[in-house]
Chemist: 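Input: one structure, supplied below.
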Amino acid sequence: MKGMIGIMKILVLNGSPKGDTSVTMQYVAFMQKKFPQHDFKIVNIAQQIKKIESDEHLFGEIAGEIKSADGVIWAFPLYVFLVHSNYKRFIELITERAAEDIFQGKHTALLSTSIHFYDHTAHNYMHGICDDLNMKFYASYSAGMHDLFKEEERGKLLQFSQGFFESITRDAPAIKEYPAIIEQSLEYVPRTDLVPLNTHGRKVIVLTDSKEDNINLKKMIGRFGELMGGQVEVYNLHSLDIKGSCLGCIHCGYDNTCIYSGKDEFIDFYNSKLKSADILVFAGAIRDRYLSSLWKTFFDRGFFNTHTPSFSGLQVAFLISGPLSQLPNLRQIIEGYTEWQQANLVGIVTDEHPNSAEIDGMLRELAQRSIDYSSLRYVKPPTFLGVGGTKVFRDDIWGPLRFPFRADHRFYKSNGTYDFPQKDYSSRMRNYSLGLLVKVPFIRKRVYGKLMIPKMVEPFKKLLAKI
Ligand SMILES: Cc1cc2nc3c(=O)[nH]c(=O)nc-3n(C[C@H](O)[C@H](O)[C@H](O)COP(=O)(O)O)c2cc1C
């Protein structure tokens, strides 16, 4: 740092695949404009990940910039519950290239733009990464993508920025939130006798990114396949022709046609294989605090379906190798993702249990339930994760995002997603009439007194009498 109130070098690690032409970078530009005394340097991480990956010299240059910075801002857009797959890849490169030391003790803050759909899971993830890297984490700022147009929001961003710079000046320590992950290396060896289940002709697809060294994952997939009587199609993301990660171009907005359509296998595979499954199993190994960046590429590329569920009614199960029990944030992403997809999350089985026979039992149960639920077409009701997420999309597609997301609007209209309360005429009538009645003091006394609880149950009783 070049003096107490002097110039600070602030390094911005840009997580948008759109590089400089990014909404998030407009927020950084605002900070630059308001704090001209500081020296901001922006590095486009997500946009040039291929080059960063292949060119060690460039990686070294970026490392040098980080080393000489007084503060690092991780500035990123939300992409499908997390950061963009390329940003995730950069985070993987830090450990692959043993570059953790550069980050140690650096003052850092998070700045994102999004529509507040699972922005918290992305922030939790990034905060965890900063804690893992022993950075001096200041705070998180999650801006709505149009917040910059509001004076009050601009004021908040200035307060946050000022707070960050002051925290650098006083060399504030991090208030750590995320304990380090304890890696366990338990070997899973299927032990119990295998009695295959009857799949009743269900179409079971396992999608994985497993590699030769993911021994437990391969064994779990193998066991699951055997339980399904070998009636399983297994696909590996490594073998799928995926030309690139999501560009964030919104070419898909009009009619779900991806810019990569016809250029690689991804769209066909997703539409013809995955969507036609009855039971879909995602199998992956934990990498840092999520799955691999290849898995993230899969989820990001799935955005060609924009804000429309693409696995409605499907049974979805996860096989995970690694410490999921220490990553409640990842569990929530998995739950939120399946609920929002209107799929049924049958369960998640991991290799964390010391007793392989127990894992055998869990895999068997997972397979059994997948088949049973599929036969019943059972989809459990969503929790806040699915309900809340759907409402965020509903409101944004109705309003500010109807253009460019025309396909979503058509779907939401025809599918009843626009279930705003203003169309609920019986509630409106009741609210109006009862609202008038309770203005009368003696009625109010009775309604909010003796009547409230029995009257709440009364319609249920009537219904039960009829059923
Ligand atoms: C492929 C894609 C996925 C997105 N996923 C999310 C998401 O999960 N949650 C959210 O709140 N916003 C999501 N968004 C919205 C972006 O985060 C938002 O538009 C952001 O401001 C874009 O910033 P950028 O221009 O810097 O890339 C997504 C946008 C795209 C194109």
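From a predicted model like this one, the values you see are computed outputs, not experimental measurements. When a ligand or atom number is given, it counts from 1 through the structure's own listing order.
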Chemist: Within the side chain of D39, is there an N or O that forms a donor-acceptor pair under 3.5 Å with the backbone of K9?
Modeler: no
Chemist: Establish, yes or no, whether the cationic atom of R394 lies under 6.0 Å from the six-membered ring centre of Y418 and within 45° of the ring axis.
Modeler: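 Relative to the ring axis of Y418, which defines the angle, R394 lies outside at least one limit.
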Chemist: Give the intermediate values and the outcome of side-chain hydrogen bond (donor to acceptor under 3.5 Å, both in side chains) for residues D20 and N44.
Modeler: CA-CA 7 Å; D20 299 335; N44 290 333; 3.0 Å; yes
Chemist: Taking side chain to side chain donor-acceptor pair (under 3.5 Å) as the definition, give me every residue that meets it alongside D147, ordered by chain and number, with sequence neighbours left out.
Modeler: K150
Chemist: Is the NZ or CZ atom of R301 positioned over Y270's six-membered ring, under 6.0 angstrom from the centre and within 45° of the axis?
Modeler: no
Chemist: Write down, by chain and number, every protein residue that brings a non-hydrogen atom to less than 4.0 Å from an atom of ligand 1.
Modeler: S16, K18, S22, V23, T24, P77, L78, Y79, V80, F81, T113, S114, I115, H116, F117, M145, C246, G248, F303
Chemist: Would R402 pass as a cation-pi partner of Y254, given that its NZ or CZ must be under 6.0 Å from the six-membered ring centre and within 45 degrees of the axis?
Modeler: no
